[in-house]
Amino acid sequence: MPELPEVEVTRRGIDAPLRGAQVLHARLGKPLRWPLGVAPDSLRHATVGAVARRGKYLWLPLRGGARDGGLLMHLGMSGSLALAAQAGPPGPHDHFDLVTTHGTLRLTDPRRFGAVVWAPSLADDPAARLLSTLGPEPFDVALTADCFHAALQRRRAPVKAVLLSGEAVVGAGNIYACEALFAAAIHPALRADRISRPRAARLLQAVRDVLAQALELGGSTLRDFRDAHGISGAFQTQARVYGRAGEPCGRCGAPIRRLLQGQRATYFCAHCQKR
DNA sequence: AGTTAAACCTGGTTGC
DNA sequence: TGCAACCAGGTTTAAC
């Protein structure tokens, strides 16, 4: 998926254009991860508010329809959202259309791990339940190195798995977790609770740097991701370790290694990243 | 309680 | 060429 940078790039592409748009029609394709929860017709006549992001979720406020509320959206592994003035007929992987006075917002998601769920507000279920497990936002100034270190101290699992869990900080998925650990020179298999306070501070900074750089480059496109205007991301060309097994490490020249952690591939440099 | 595997689904790539 | 096996950006749920 879409990790935090890709979701934020998407949010930035749809927020201003959709603001104040009136919903004319909504269409569902094949089932996504969870049911919408309301009849698509009940979204008609609603007005779109400011699009927000929490972790890898997007929140589209809708007021003045059958009921005030909004749509909580997730792009899963292969999803992307496109906003077009005129959308063509839906293809086999187009599973949600929100037709508005400002264009059609279309979710394309071949694997259908994504979701579009209606909720009365972010504080109400099902949104509240889905967001309840999320840790702090990476760019929240309230997330200090001490907070981050304390969160790592609570877990005995490998630091890579803890990053993916989003418990200490949200937003880093498989690509950016690998990249941040490389930047911080920390071995992915190191137990989270064995990380010193200085190394935790360095890791938090690395997560922030990597996510910020990815944001500037429009995210990563391995196969499916496109921003709201159909543009691919470029971070994958700048990745130091992700997807580069066998290639020489850009820092020391040793071959980048690949290992499996919890069914997910981890890429790292065994020479640069220390336990 | 806390960590790990299985599940959801499609399609592209690799290997026999 | 054909087909099976494996791999892919995530996260919940069930099982040790």
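Below, chains carry the letters A, B, ... as their sequence lines are ordered, and counting in each starts from 1. As the structure is a computational prediction, the values presented were derived from the model and not from experiment.
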**Student:** Take a 6.0 Å sphere around CZ of Arg251(A) and say whether it holds more than 12 heavy atoms from other residues, nucleotides or ligands.
**Tutor:**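 No, the 6.0 Å shell around CZ holds no more than 12 heavy atoms from other groups.
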
**Student:** Under the side-chain hydrogen bond (donor to acceptor under 3.5 Å, both in side chains) rule, collect the residues that match up with Arg264(A), sequence neighbours excluded.
**Tutor:**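 Scan of Arg264(A) (side-chain hydrogen bond (donor to acceptor under 3.5 Å, both in side chains), adjacent residues dropped) gives none.
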
**Student:** For Asp124(A), which residues count as a salt bridge (charged side-chain N to carboxylate O under 4.0 Å, His left out) partner, sequence neighbours excluded?
**Tutor:**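 Listed in chain order: nothing, the list is empty.
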
**Student:** Using the P atom as the point on both nucleotides, what is the distance between dG11(B) and dT1(C), in whole Å?
**Tutor:**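 The answer is 22 Å between these two P atoms.
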
**Student:** Can the ring centroids of Tyr176(A) and Phe235(A) be said to lie less than 6.0 angstrom from one another?
**Tutor:**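 Between Phe235(A) and Tyr176(A), which both carry aromatic rings, the centre distance is below 6.0 Å.
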
**Student:** I'd like to know if Arg11(A) pairs up with Asp15(A) as an ion pair, taking the criterion as any Lys NZ or Arg NE/NH1/NH2 lying under 4.0 Å from an Asp or Glu carboxylate oxygen.
**Tutor:**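 A salt bridge links Arg11(A) with Asp15(A).
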
**Student:** For the residue pair Pro138(A) and Arg208(A), what are the closest heavy atoms and their distance?
**Tutor:**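 In terms of heavy atoms, the two residues are closest at O-NE, 2.6 Å.
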
**Student:** Could you pull out the closest heavy-atom pair between Ile186(A) and Gln273(A), with the gap in Å?
**Tutor:**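 Reported closest heavy-atom pair: O-NE2, 2.8 Å.
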
**Student:** Hey, could you give me each pair passing salt bridge (Lys or Arg N to Asp or Glu O under 4.0 Å) that has a residue in residues 94-104 of chain A? Not counting sequence neighbours.
**Tutor:**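 Listed by first then second residue: Arg27(A)-Asp97(A), Asp94(A)-Arg106(A), Asp97(A)-Arg106(A).
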
**Student:** Under the side-chain hydrogen bond (donor to acceptor under 3.5 Å, both in side chains) test, which residues partner Asp209(A), sequence neighbours left out?
**Tutor:**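 Listed in chain order: Gln205(A).
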
**Student:** Which pairs, protein N/O on one side and nucleotides 5-8 of chain C N/O on the other, fall under 3.5 Å?
**Tutor:**
from, atom 1, to, atom 2, distance (Å)
dA8(C), OP1, Arg258(A), NH2, 3.2
dA8(C), O3', Tyr242(A), OH, 3.3
dA8(C), N3, Arg111(A), NH1, 3.2

**Student:** Holding to side-chain hydrogen bond (donor to acceptor under 3.5 Å, both in side chains), I want the full list of residues that pass it with Thr101(A), two or more places apart in sequence or in another chain.
**Tutor:**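 Counting only residues at least two positions away or on another chain, Thr101(A) forms no side-chain hydrogen bond (donor to acceptor under 3.5 Å, both in side chains).
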
**Student:** At their closest point, which heavy atom of Gln261(A) faces which heavy atom of Pro158(A), and how far apart are they?
**Tutor:**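 Closest approach of Gln261(A) to Pro158(A): NE2-CB, 3.7 Å.
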
**Student:** Report, one pair per line, the protein and nucleotides 12-16 of chain C atoms (nitrogen or oxygen only) whose separation is under 3.5 Å.
**Tutor:**
from, atom 1, to, atom 2, distance (Å)
dT12(C), O4', Arg33(A), NH2, 2.8

**Student:** May I ask you to list the residues of residues 156-169 of chain A, by number, that have any heavy atom positioned under 4.0 Å from an atom of DNA chain B?
**Tutor:**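 Contacts with DNA chain B under 4.0 Å: Arg156(A), Ala157(A).
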
**Student:** When the nearest nucleotide of DNA chain B is assigned to Phe113(A) and to Arg154(A) on a heavy-atom basis, which residue is associated with the more 5' position?
**Tutor:**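 Its nucleotide being nearer the 5' end, the pick is Arg154(A).
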
**Student:** Can you list every salt bridge (Lys or Arg N to Asp or Glu O under 4.0 Å) pair that touches residues 151-166 of chain A, not counting sequence neighbours?
**Tutor:**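 Qualifying pairs: Arg155(A)-Glu167(A).
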
**Student:** Going by side-chain contact (heavy atoms from CB on, under 4.5 Å), Val48(A) matches just one of Leu18(A), Ile14(A), Leu71(A). Which one?
**Tutor:**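 It is Leu18(A); the other options fail the test.
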
**Student:** On DNA chain B, which is the earliest and which the latest nucleotide, 5' to 3', with an atom closer than 4.0 Å to a heavy atom of chain A?
**Tutor:**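 Both ends considered, the range comes out as dT3(B) to dG12(B).
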
**Student:** Taking atom CZ of Arg244(A) as the centre, report whether more than 12 heavy atoms of other residues, nucleotides or ligands fall under 6.0 Å from it.
**Tutor:**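 Atom CZ in Arg244(A) is crowded, with more than 12 foreign heavy atoms closer than 6.0 Å.
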
**Student:** Taking the hydrophobic residues Ile, Leu, Val, Met, Phe, Trp and Tyr, and joining any pair whose side-chain heavy atoms are under 4.5 Å apart, which ones share a cluster with Leu259(A)?
**Tutor:**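 ILVMFWY cluster around Leu259(A) also holds Phe268(A).
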
**Student:** Reading DNA chain B from 5' onward, which residue's closest nucleotide shows up sooner: His93(A) or Gly262(A)?
**Tutor:**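 The answer here is Gly262(A).
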
**Student:** If a pair means Watson-Crick or G-U wobble with both distances below 3.5 Å, what does DNA chain C look like in dot-bracket form, with | marking bases paired to a different strand?
**Tutor:** .|||||||.|||||||

**Student:** For nucleotides dA5(B) and dC7(C), find the distance between their P atoms and express it as a whole number of Å.
**Tutor:**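 So the two P atoms sit 15 Å from each other.
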
